[in-house]
Amino acid sequence: ETGVTQTPRHLVMGMTNKKSLKCEQHLGHNAMYWYKQSAKKPLELMFVYNFKEQTENNSVPSRFSPECPNSSHLFLHLHTLQPEDSALYLCASSQDDINQPQHFGDGTRLSIL
Amino acid sequence: GIQVEQSPPDLILQEGANSTLRCNFSDSVNNLQWFHQNPWGQLINLFYIPSGTKQNGRLSATTVATERYSLLYISSSQTTDSGVYFCAVGGAGSYQLTFGKGTKLSVIP
């Protein structure tokens with residue numbers, strides 16, 4: 001049990017589908033992050049939220065749309081994805097900002113057909 | 001941006017052996033973290049260590065910030081230590097961690 005829960009664990013979708021990834025943290029943290037991990041590439045930061053406000057968008061295509069309704073929940077809405085978007089999507093949280101230990105969820109493995 | 005280089009890229013150990021993993025970075029940092037990703041994809045934070053030395057059981061880490069490197073020591077390795085070890089750094093004023101490509105460790109019985 002890592003304190004950060006992601007659902008679903010696996011997702012297969014077509015390019016025209018709309019789906020959402022969910023992340024929930026039970027650690028009382030105020031910062032949450034979405035990362036993308038593709039094969040043979042380092043982890044890439046996608047979005048940063050601090051106290052529910054999006055503070056960074058790392059040049060992510062608009063087909064990925066984050067939502068943070070409160071400090072404990074983070075969503076990633078997906079629509080019209082491309083095959084190259086197939087990857088492991090990881091959610092993380094830290095107490096207040098980047099300069100504290102980050103704790104990761106187990107990830108959602110996404111496959112685009 | 002900061003460059004992070006980890007070595008070796010791959011490492012195979014006999015159970016019970018010790019190992020040292022290295023992380024070099026190209027600029028001064030105020031944030032350095034070590035992570036272990038197990039074969040099932042779970043990423044666990046091992047150390048938050050922008051400087052100095054820390055120990056947690058069979059694992060220890062040392063960061064020499066002035067010389068821009070960090071070392072992760074694994075003693076008496078076990079098969080459950082297998083996976084990929086990532087180093088991630090952040091510079092002053094940075095909003096993100098930059099991850100290295102990782103060291104893939106395989107511990108064989």
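Computed over heavy atoms, backbone and side chain alike; hydrogens, waters and symmetry mates excluded. In what follows, every chain begins at residue 1, and chains take the letters A, B, ... in the order their sequences are listed. Please read all numbers here as calculations on a predicted model, not as lab measurements.
A 4.5 Å side-chain heavy-atom check between B:Leu97 and A:Gln102 finds at least one atom pair inside the cut-off. Put simply, the side chain of B:Trp40 does not reach to within 4.5 Å of the side chain of A:Arg9, judged on heavy atoms. Under the 4.5 Å side-chain criterion, counting only non-hydrogen atoms from C-beta, A:Leu45 is in contact with B:Tyr95. A:Lys41 is not listed as a side-chain neighbour of B:Lys101, based on a closest heavy-atom distance of 4.5 Å or more. No side-chain heavy atom of A:Asp106 sits less than 4.5 Å from a side-chain heavy atom of B:Leu43.
Under a cut-off of 6.0 angstrom, the local environment of CD in B:Glu5 is sparse, with at most 12 non-hydrogen atoms contributed by other residues, nucleotides or ligands. Other residues, nucleotides and ligands contribute more than 12 heavy atoms inside 6.0 Å of the CZ atom of B:Arg68. The environment of CD1 in B:Ile108 is crowded: more than 12 heavy-atom neighbours from other residues, nucleotides or ligands sit within 6.0 Å.
At a threshold of 4.5 Å between side-chain heavy atoms, the hydrophobic network of Ile, Leu, Val, Met, Phe, Trp and Tyr places B:Val107 and B:Leu59 in one connected group. A single hydrophobic cluster is not seen to contain both A:Tyr33 and A:Leu74; linkage of ILVMFWY side chains at heavy-atom distances under 4.5 Å, directly or through other members, places them apart. A continuous path of hydrophobic side-chain contacts links A:Tyr89 to A:Ile112 [ILVMFWY only; heavy atoms under 4.5 Å]. Residues A:Met46 and B:Phe35 are members of separate hydrophobic clusters, defined by side-chain heavy-atom contacts under 4.5 angstrom among Ile, Leu, Val, Met, Phe, Trp and Tyr. A:Phe75 and A:Met13 are not part of a single hydrophobic cluster, where members link through side-chain heavy atoms under 4.5 Å apart.
Contacts between A:Leu88 and chain B at a heavy-atom distance below 4.5 Å involve the side chain alone, from C-beta outward. For B:Ser94, the part lying under 4.5 angstrom from a heavy atom of chain A is the backbone only. Looking at B:Phe86, only its side chain comes within 4.5 Å of chain A, counting heavy atoms on both sides. With a 4.5 Å cut-off on non-hydrogen atoms, B:Gln33 touches chain A through its side chain but not through its backbone. If you measure heavy-atom distances from A:Glu44 to chain B, you find no contacts under 4.5 Å at all.
For the residue pair A:Pro42 and B:Gly100, the shortest heavy atom distance occurs at CB-O, 3.9 Å. Summarising the geometry of A:Pro101 relative to B:Tyr48, their closest heavy-atom pair is CG-CB, 3.6 Å, with the distance given to 0.1 Å.
In this structure, B:Gln96 CD and A:Tyr35 OH are separated by 7.5 Å, a value rounded to the nearest 0.5 Å.
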